[in-house]
Amino acid sequence: MASDGDGAAAVAALGISGGGGDDWAPPLRRNLPLLAPHEVELAKLLLSEGQSHLFEHWPEPGVDDDKKRNFFDQVCRLNSSYPGGLASYIQNARKLLADSKAGKNPYDGFSPSVPSGEVLTFGDDNFVSLEEAGVKEARHAAFVLVAGGLGERLGYKGIKVALPRETTTGKCFLQHYIESILALQEASCKLVEGECNTKIPFVIMTSDDTNALTVKLLESNSYFGMEPSQVHILKQEKVACLADNDARLALDPNDKYKIQTKPHGHGDVHALLYSSGLLEQWKSTGRKWVLFFQDTNGLLFNAIPSALGVSATKGYNVNSLAVPRKAKEAIGGITKLTHVDGRTMVINVEYNQLDPLLRATGHPDGDANCETGYSPYPGNINQLILEIGPYMEELQKTHGAISEFVNPKYTDSTKTAFKSSTRLECMMQDYPKTLPPSAKVGFTVMDAWLAYAPVKNNPEDAAKVPKGNPYHSATSGEMAIYRANSLILRKAGAQIADPVIDTFNGQEVEVWPRITWIPRWGLIFKDVKAKVHSNSSVSQRSALVINGKNITIQGLSLDGTLIVNAKDEAKFNVTGHIENKGWTIQHVDHKDTSEKEEIRIRGFKFNKVEQLELNY
């Protein structure tokens, strides 16, 4: 608490002693003796930005003094965690809210065109050579996972990265990501002559919602084999909510001494990396690439080696991973935008904005499929590869601030009031918006079956998805892993049975053999091809789990469930006819509370009747 002398100085400093100052915020004026000098500065900032309403209800000094101090602690945090501070946030909000009310189109003056990028075909010579180039580059990379979200939208109360990626092994997403990075680290080091002690850095951006649970998941599993010093956790703060078009900050409905806050979006990752000092550290130790990815795409690491190979061979400063996209599909399209003033940028344009933008700029059919059967604007999957040098130069200018947007829900067409408070948001993939025209921005397109199966919809929402569109649920996400692994083994020459169609939680999916392997076994296609021989077959009802780096499959005929475990460097050849009752698939209703949430959201579980487990 400040002394009386400090209080008198504070009154004078605020410029509200005597005269018309009393009209500003009398309750605040009465409480000034409580404030320390830095809190007085924050009060001045709030008043100068039209936020006097925050103090209207403040009682006399001596009542709720601790809560008043807590208020300024929160204001201090909100001010320090936003590039440019709270004044910038409020000013940006006013402008964006005015644009929103006026119905201003963010793409006014821009014409869309198809950007240049690489379209890859899984398994061909170009793909194989790019994968090898990517593995070579991996020791110069750092990985950044944005994991600020809980699984509530999925019908799961925990953090999303703790969800099983698939339930044959039960390994969670975070374990798979770490094992994949470690496999890349090992394979990349093997390509260096002499000793290589490279440890690939791994950053996880968390939020208040996920931080403690993420740390607990890592610590209780010994970081899934990664050295704790490789892992850096950066926690994002929330931003202040906005009550109206004047950008007046909203008070928490349950606590009048607290500003209501909501998440700012995964675009915060750039500002956090900038302020953390990690980028300088990485650059000084020879890092060239920063790879950003989101929390629940179980197929992502199938795409990383070849995409990193594209970045290295094409010299892209920014490389967005993408998948073929059907016209009007609910996924953003990567688009080149050229402004009438000559500015250009290659960015993600949301699907509901791309069609009207094309129609308004001389494309009467709007977002339409071309002769390939897909839109010429590839689907953005929010995985970015940035070259570290140009990335750091850009952040020196922007301090990591990313172009923001606001999405208020208005009470009516006059757009004068909000149904509930709103806030500014930003997205990681909007980073290229501020880049100079000289920046080399491209994309890498891979088949969705190989690279993209996000888990983001709950069973009810997934069941409402129009037929033929992806469900993006826990059901489809797991089945996509079996499909991808089956198709990769087919391409390598094995005879993998066709899938059957089944329906779980109202979603019709292909059920392929349940094939999984550790990343060290099949990091790239060349690895798989070297370990699988064409005289092997797997039936549709089978499950095959490969837990070992040097396991080869030769002359295997599998009809049932086989689990092969081989320690580290142990070599083991799996052969012969193996038949057993296997694991059957049992339907589970998503409303069945006797089952765990992570099973209910899938709609199935495995009934482990019989299996053969080989340990070597």
Side-chain angles (χ1 to χ4, degrees), residues 161-187 190 217 220-226 298-302 304-305 477-489 492 494 496 512-533 536-539 541-576 578-583 598 605-616:
V161 291
L163 267 172
R165 172 179 173 260
E166 37 76 16
T167 50
T168 296
T169 66
K171 285 183 182 179
C172 68
F173 281 102
L174 188 57
Q175 178 171 359
H176 175 70
Y177 296 151
I178 287 177
E179 287 181 353
S180 299
I181 293 167
L182 291 173
L184 276 167
Q185 177 179 293
E186 180 187 17
K190 281 220 165 109
L217 181 63
S220 59
N221 291 284
S222 307
Y223 286 76
F224 298 109
M226 194 172 255
L299 297 178
L300 169 74
F301 275 85
N302 291 346
I304 292 282
E478 177 160 353
M479 291 301 175
I481 289 162
Y482 305 138
R483 180 187 183 202
N485 291 346
S486 295
L487 290 172
I488 289 167
L489 290 192
I496 309 296
W512 289 76
R514 275 66 67 207
I515 299 171
T516 75
W517 56 75
I518 59 167
R520 289 181 76 211
W521 182 81
L523 182 65
I524 57 175
F525 182 55
K526 191 179 174 186
D527 296 342
V528 177
K529 217 169 170 187
K531 294 169 185 173
V532 176
H533 299 275
S536 295
S537 65
V538 180
S539 72
R541 70 179 193 90
S542 293
L544 171 61
V545 179
I546 302 170
N547 284 324
K549 186 184 170 193
N550 295 313
I551 294 166
T552 51
I553 295 170
Q554 191 166 13
L556 169 70
S557 164
L558 176 63
D559 185 29
T561 294
L562 172 63
I563 299 166
V564 191
N565 304 308
K567 284 272 186 286
D568 290 340
E569 300 307 313
K571 292 190 161 101
F572 189 59
N573 186 36
V574 184
T575 188
I578 295 171
E579 187 175 344
N580 55 48
K581 292 190 177 109
W583 295 0
E598 57 262 42
K605 67 177 182 182
F606 296 120
N607 188 7
K608 301 181 180 181
V609 184
E610 192 181 9
Q611 67 195 47
L612 175 64
E613 186 158 359
L614 302 173
N615 295 298
Y616 194 75

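Residue numbers start at 1 and run along the sequence shown. Keep in mind that the numbers below use all heavy atoms, side chains included, and drop hydrogens, waters and symmetry copies.
- With a 4.5 Å cut-off on side-chain heavy atoms, Leu612 and Thr561 do not count as touching.
- The side-chain heavy atoms of Cys172 and Phe224, taken from C-beta on, include a pair separated by under 4.5 Å.
- One N or O on the side chain of Thr575 and one on the backbone of Gln554 form a donor-acceptor pair closer than 3.5 Å.
- No side-chain heavy atom of Asn550 sits less than 4.5 Å from a side-chain heavy atom of Trp521.
- Note that the CZ atom of Phe572 and the OH atom of Tyr616 stand 7.0 Å from one another [nearest 0.5 Å].
- Here the side chain of Asn615 pairs no donor or acceptor atom with the backbone of Asn565 at under 3.5 angstrom.
- Leu544 contributes atom CG, which lies 6.0 Å from atom CG of Leu558 (distance to the nearest 0.5 angstrom).
- Using bins of under 30°, 30° to 60° and over 60° for the plane-to-plane angle, the ring pair His176/Phe301 lands in the perpendicular bin.
- Pairs passing the salt bridge (Lys or Arg N to Asp or Glu O under 4.0 Å) check and including a residue from residues 545-563, sequence neighbours excluded, read Glu186-Lys549, Arg541-Asp559.
- Side-chain contact between Leu562 and Leu614 is present, with heavy atoms from C-beta onward closer than 4.5 Å.
- For the salt bridge (Lys or Arg N to Asp or Glu O under 4.0 Å) condition, the pairs that include at least one residue of residues 165-178, sequence neighbours left out, are Lys171-Glu179.
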Step by step, would you call Gln611 with Asn580 a side chain to side chain donor-acceptor pair (under 3.5 Å)?
CA-CA 6 Å; Gln611 67 195 47; Asn580 55 48; over 6 Å; no

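- Shown here for Thr167 and Tyr482, the closest heavy-atom pair between the two residues is N-OH, 3.8 Å.
- With hydrogens and angles disregarded, no donor-acceptor distance shorter than 3.5 Å links the side chain of Ser486 to the backbone of Trp512.
- The backbone N or O of Leu556 lies less than 3.5 Å from a partner atom in the side chain of Ser536, making a donor-acceptor pair.
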